[in-house]
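To start, the structure itself, in structure tokens.
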Number of protein chains: 2
Amino acid sequence: MARSGPKLTRIATALGVSAATVSNALSGKGRVSAELAEKIRSVAAEIGYVPSQAGRALRTGKSAVIGLVLPDISNPLFPQIAQAIEFAASSAGYGVLIADSRGDVAVQTRAIERLIERGVDGMVIVPRRGTRIADVGCPVAVVDTPSTPGNTVAADHWDGGRQIAEHLVGLGHRRLLILGNNPASNVQNDRIGGLRSAMREGAQAETLWIERLEQVHGKGCSLGLAGKVAEGVTAFAAVSDLQALRALTELQRAGIHVPEQASVTGFDDLIWSPVVTPALTTIRMDMARIATLAVEALVQAIGAGEAEFPSHGRPVAATISKVPMQLVVRQSTATPPSNVQPAPNVKPPSEGEPQS
Amino acid sequence: MARSGPKLTRIATALGVSAATVSNALSGKGRVSAELAEKIRSVAAEIGYVPSQAGRALRTGKSAVIGLVLPDISNPLFPQIAQAIEFAASSAGYGVLIADSRGDVAVQTRAIERLIERGVDGMVIVPRRGTRIADVGCPVAVVDTPSTPGNTVAADHWDGGRQIAEHLVGLGHRRLLILGNNPASNVQNDRIGGLRSAMREGAQAETLWIERLEQVHGKGCSLGLAGKVAEGVTAFAAVSDLQALRALTELQRAGIHVPEQASVTGFDDLIWSPVVTPALTTIRMDMARIATLAVEALVQAIGAGEAEFPSHGRPVAATISKVPMQLVVRQSTATPPSNVQPAPNVKPPSEGEPQS
DNA sequence: CTGAAAGCGCTTACAG
DNA sequence: CTGAAAGCGCTTACAG
């Protein structure tokens, strides 16, 4: 509560009208004469009237607050998401309550419960890998991959991968190394699927799963990228800017010039991508759009909930929206070196060939 | 509202007791016999009773929600802050409503207003540079620098700087270049003050303000670090890991080996610091502790507000807490090269000398 | 166009 | 230990 500020009643008595009239005037539902409404508004402004959300919520059954459930706030992509959702929600008149599941399913479940207890009207969930959001008892918009069942909005990760690969292949690269982190991630698999889909013209791509490598060699181990360059790889396509950064610095540390000897690409246009030397070529999601669509779907479901789901329901959006990705070309990609060995088992550019 | 879930009354009638008794049993205030209380709790659990926040808030005048006002969610440090505050607040029984001021004072003011409208009991504010938080009408905890008036909790940025510089000087570095971003930042100035304070033994430090440089040469311009190395600088101490990353990659790109030819340090232990090659030596704040202190101060002020500030007030914490920083030594720092030129106007190590 | 009344779900004195 | 009553501030039918 914004402490006992001026109440509706106070302005009613001050003007000698009823509370109902004040309420109507302030909500602008037009059941009050223009003059009276004007007078009421001016008094309200004068005494600094702030309507009590609690009173309103109790009466209307709506809190005008949505929850934002994130798999792990410390994810570097989170600021973008949170900022976009906060903006979209504010614009739609909603507050945003955050909940962090810290990568843990049990915590996620608990976080969702707490949000319900706090009376959110709905929530935007960015699910933890592999989580399926059960019926939580309020409208939910899921932001994940188009391949996730129950998903509401997502960036077109697959197409983002395609764009990156097309860019690289277009520059002349024929041997790519895809840097993935966790093979269980839907998002990463979508991106990789897209990357591979562009491997025509005798181009080929191998995938390295970093987390797997780290399981045997320890966290922060070398990725052996210099060796890959020696084998003829000319481009490294990471599934996130974090991995791209790791690749870039490992290559530089090994004395390999980027982009002259090897190109590096990332994903997500995270904060450091334009800052690093050479700046990272990457793919940007339209977070504002994703957030707007998610919030719109949610608001609609909240409205529909009244009519269709009188006491509980799970009105997830029916249609999945795919938001396009945008390629951002910077200095970390260039034509491959001309003295590079052709890949061992690659035929001359002619037809699309199946790749490993 | 968590849609019309089971109400308190329902469980009251189900057991043939009064609503008051149910309320008392559930709140555990001990005015109910153990057996009855147990029975009530079990029924509540059975029917999945979730108390209505709105009803409670209206009655008690407390929303059990605090606001978190951030200068710019897209700041890479934000995830750490948000996660820590969310955790501390949850643990204290509070929800967290986020508000982003997008670096704009007017937006910050508006965001604070909206939070008040939503009925927050208090808020944690990480103020925009140079903003002074006026009386917002509810308890506020400010997280900034100890040098900010009205500040509640902060990391000891100055001492963090001192630790970094001590580490570098201890390794043998005598010519440092401090990489700052914005000279108007209190945090950065505190850090730099600490860095300079350790410049004894004939060591000296020069400061480069990146934003200033960019104003003349354009965003993403070269920092001219290779030139600095040629002039005899052997260590680069950035005021944030983002700048450290920029320095590291620029040096690597210029063919300068880190740490063999030059050391690089950062600040904040952001997500990429351990991932990069060589991993960044940096300083970590104890965000969990900062968040706990901020939330504690806030909760206390909220409680005190009842008694001391009946209708409005600005109970900011009276004592400023300084949370210690922790040095994290990684591979980006080492002994300076032995063939380095001594700094032009530096006397042999003897006394602490004034530095430029 | 305006008002009187009821009630959203809870908790808190106050009685018993 | 338990209950009846009042009321937090608002909005929404329903009358007039």
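Chain A is the first sequence line, chain B the second, and so forth, proteins listed ahead of strands; every chain is numbered from 1.
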Does a nitrogen or oxygen in the side chain of B/S33 sit under 4.0 Å from OP1 or OP2 of D/dT2?
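Checking B/S33 against D/dT2: at least one side-chain N or O falls below 4.0 Å of OP1 or OP2.
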For [X] and [N], give me the distance from atom [atom1] to atom [atom2], rounded to whole Å.
| X | N | atom1 | atom2 | result |
| --- | --- | --- | --- | --- |
| B/K62 | D/dG9 | NZ | P | 13 Å |
| B/I47 | C/dG9 | CD1 | C1' | 13 Å |
| A/R10 | D/dC10 | CZ | C1' | 17 Å |
| A/Y49 | D/dG9 | OH | C1' | 7 Å |
| A/Q53 | C/dC10 | CD | P | 18 Å |
| A/L36 | C/dC1 | CG | P | 11 Å |
| B/E38 | D/dT2 | CD | P | 14 Å |
| A/E117 | C/dG9 | CD | P | 17 Å |

As a quick check of understanding, evaluate salt bridge (charged side-chain N to carboxylate O under 4.0 Å, His left out) for B/E38 and B/R41, giving each step before the final call.
CA-CA 5 Å; B/E38 182 46 48; B/R41 272 192 295 272; 3.5 Å; yes
Side chain to side chain contact (heavy atoms under 4.5 Å, CB included) with [X]: which residues, sequence neighbours excluded?
| X | answer |
| --- | --- |
| B/V187 | B/D144, B/T145, B/H157, B/S185, B/R191 |
| A/A288 | A/D286 |
| A/S23 | A/L8 |

[X]: partners by side-chain hydrogen bond (donor to acceptor under 3.5 Å, both in side chains), with sequence neighbours left out:
| X | result |
| --- | --- |
| A/R110 | A/E113 |
| B/R289 | none |
| A/S18 | A/T21 |

Out of B/V323, B/L293, B/V126, which one pairs with B/V143 under the side-chain contact (heavy atoms from CB on, under 4.5 Å) rule?
B/V126
Compare the minimum distances between each of [options] and the side chain of [X], then state the nucleotide with the smallest one.
| X | options | result |
| --- | --- | --- |
| B/L8 | C/dC10, C/dT12, D/dC10 | C/dC10 |
| A/S18 | D/dC1, C/dG3, C/dC10 | C/dG3 |
| B/S52 | C/dT12, D/dT2, C/dC10 | C/dC10 |

Could you note down all residue pairs passing salt bridge (Lys or Arg N to Asp or Glu O under 4.0 Å) where residues 42-61 of chain B supplies at least one of them, sequence neighbours left out?
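Checked against salt bridge (Lys or Arg N to Asp or Glu O under 4.0 Å) - neighbours excluded - no pair reaches residues 42-61 of chain B.
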For DNA chain D, list all stems, counting runs of three or more consecutive pairs where every pair is Watson-Crick or G-U wobble with both distances under 3.5 Å.
C:1-3 with D:14-16, C:5-12 with D:5-12, C:14-16 with D:1-3
Atom pairs, N/O to N/O, protein against nucleotides 5-8 of chain C, distance under 3.5 Å?
{"residue": "C/dC8", "atom": "O2", "partner": "A/R59", "partner atom": "N", "Å": "3.2"}

